[in-house]
**Student:** 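Pasting a structure below so you can have a look.
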2 protein chains.
Amino acid sequence: MPNQLPVLAADACCTPLVTEALTEESAADLARGFKALGDPVRLRLLSLIASRAGDEVCVCDLTDAFTVSGPTISHHLKVLREAGLIGCQRRGTWVYYWIVPAKLAALSQLLDVSAAATPTTGISA
Amino acid sequence: MPNQLPVLAADACCTPLVTEALTEESAADLARGFKALGDPVRLRLLSLIASRAGDEVCVCDLTDAFTVSGPTISHHLKVLREAGLIGCQRRGTWVYYWIVPAKLAALSQLLDVSAAATPTTGISA
DNA sequence: CGTCTAGTTTGACAATTATCTAAACAGCGT
DNA sequence: ACGCTGTTTAGATAATTGTCAAACTAGACG
């Protein structure tokens, strides 16, 4: 039963990396989010769900887009859910998923280098 | 909606997740970046490097902030480097690291849900 | 040359993860 | 109640990953 987990919303950090160094705790929390994104299947799943923002997506619409088995999709959805990136609800036969914008925004902001000064750090590798 | 901020030139992908679903290839590419961020030590390393944006950081300044061994730090720096998130150069005795803003910006934008009209649905039971 | 310091590479090991098949569970329509 | 479809759980396995100690490389300084 895919019960929706409580969203541990952007409690950790909203400050870009460039502004301030992370503490150990917030790093652990945020890394959990990025780790969930660090798989091609999960990233595409999230992408498919997010591209219907406001709306929801049924699992049956997702599985068709992949070659991996159903249980594998289910597993990846669980990882995304436990990372707080998506929410879900069963309605009748189907289970619907949606994104959690706040969580995505928190991760996005952390990487937002343009938020701080120093627009051109043109150091070449 | 109008894009609010001038965007650092991102090499691979500029479109937020909410706008368009990812292809298999770009998902694999981007997932590599997120996977590199999906570890607390690496995230803190990046944070320490990025918080001196424009400047560089010597490895010796990084190791002190961690309890893990030197080789482990070195390993994580390599992962970040191979993900294209940081660059490095040896000068004399020391090795200096810096962030690659464009790469961070690309990942940040991908998660930028505010770029599209998204009702902040928040937490629903 | 020898040696010291800074950092990386190698090799090993335990822990985690991605994936599958098989089974269980949850609703719907007879 | 029974079967059918959609979805998750359980168990197993192969691959990946995080970590360390030991060995190695690169440069500085006598």
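Only a predicted model underlies this, so the values are computations on that prediction, with no experimental measurement involved. Worth knowing before you read on, the calculation uses all heavy atoms, side chains too, and leaves out hydrogens, waters and symmetry mates. First the proteins, then the strands, lettered A, B, ... as listed; each starts at 1.
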**Student:** Which part of the nucleic acid does B:Tyr96 contact within heavy-atom distance under 4.0 Å: base, sugar-phosphate only, or nothing?
**Tutor:**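 No contact.
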**Student:** Indicate, with a heavy-atom threshold strictly under 4.0 Å, whether A:His75 touches base, sugar-phosphate, or nothing.
**Tutor:**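 Contact class for A:His75: base.
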**Student:** For B:Arg42 and D:dG18, is the shortest distance between a side-chain N/O and OP1 or OP2 below 4.0 Å?
**Tutor:**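 Looking at the OP1 and OP2 atoms of D:dG18, one of them is under 4.0 Å from a side-chain N or O of B:Arg42.
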**Student:** Could you work out which one of D:dT7, C:dG7, C:dA6 sits closest to the side chain of B:Cys58?
**Tutor:**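 When the side chain of B:Cys58 is considered, C:dG7 is the closest of D:dT7, C:dG7, C:dA6.
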**Student:** Considering just the side-chain nitrogens and oxygens of A:Thr93, establish if one lies under 4.0 Å of OP1 or OP2 belonging to D:dG6.
**Tutor:**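 So the side-chain polar atoms of A:Thr93 never come under 4.0 Å of the phosphate oxygens OP1 or OP2 of D:dG6.
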**Student:** Could you give me the CA-CA distance, side-chain angles and deciding distance for B:Tyr97 and B:Arg81, then say whether side-chain hydrogen bond (donor to acceptor under 3.5 Å, both in side chains) is met?
**Tutor:** CA-CA 9 Å; B:Tyr97 280 85; B:Arg81 211 172 60 233; 3.2 Å; yes
**Student:** Taking only the side-chain nitrogens and oxygens of B:Tyr97, find out if one of them lies under 4.0 Å from OP1 or OP2 of C:dT8.
**Tutor:**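 For B:Tyr97, the contact criterion (side-chain N or O under 4.0 Å from OP1 or OP2 of C:dT8) is met.
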**Student:** Are B:Leu43 and B:Leu62 grouped together when hydrophobic residues (ILVMFWY) are joined by side-chain heavy atoms under 4.5 angstrom apart?
**Tutor:**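 In one cluster: yes.
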**Student:** D:dT19 phosphate, OP1 or OP2: any side-chain N/O from B:Thr72 under 4.0 angstrom?
**Tutor:**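 No, no such contact exists.
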**Student:** Using a 4.0 Å heavy-atom cut-off, does A:Arg91 contact any base of the nucleic acid, only the sugar-phosphate backbone, or nothing at all?
**Tutor:**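 Touches nothing.
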**Student:** Side chain of A:Pro71 only, heavy atoms from C-beta on: which candidate in D:dA10, D:dT7, D:dG27 is closest?
**Tutor:**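 Selected nucleotide: D:dA10.
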**Student:** Where the side chain of A:Ser69 is concerned, which of C:dA6, D:dG6, C:dT21 is the nearest nucleotide?
**Tutor:**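 Within the option list, the nearest is C:dT21.
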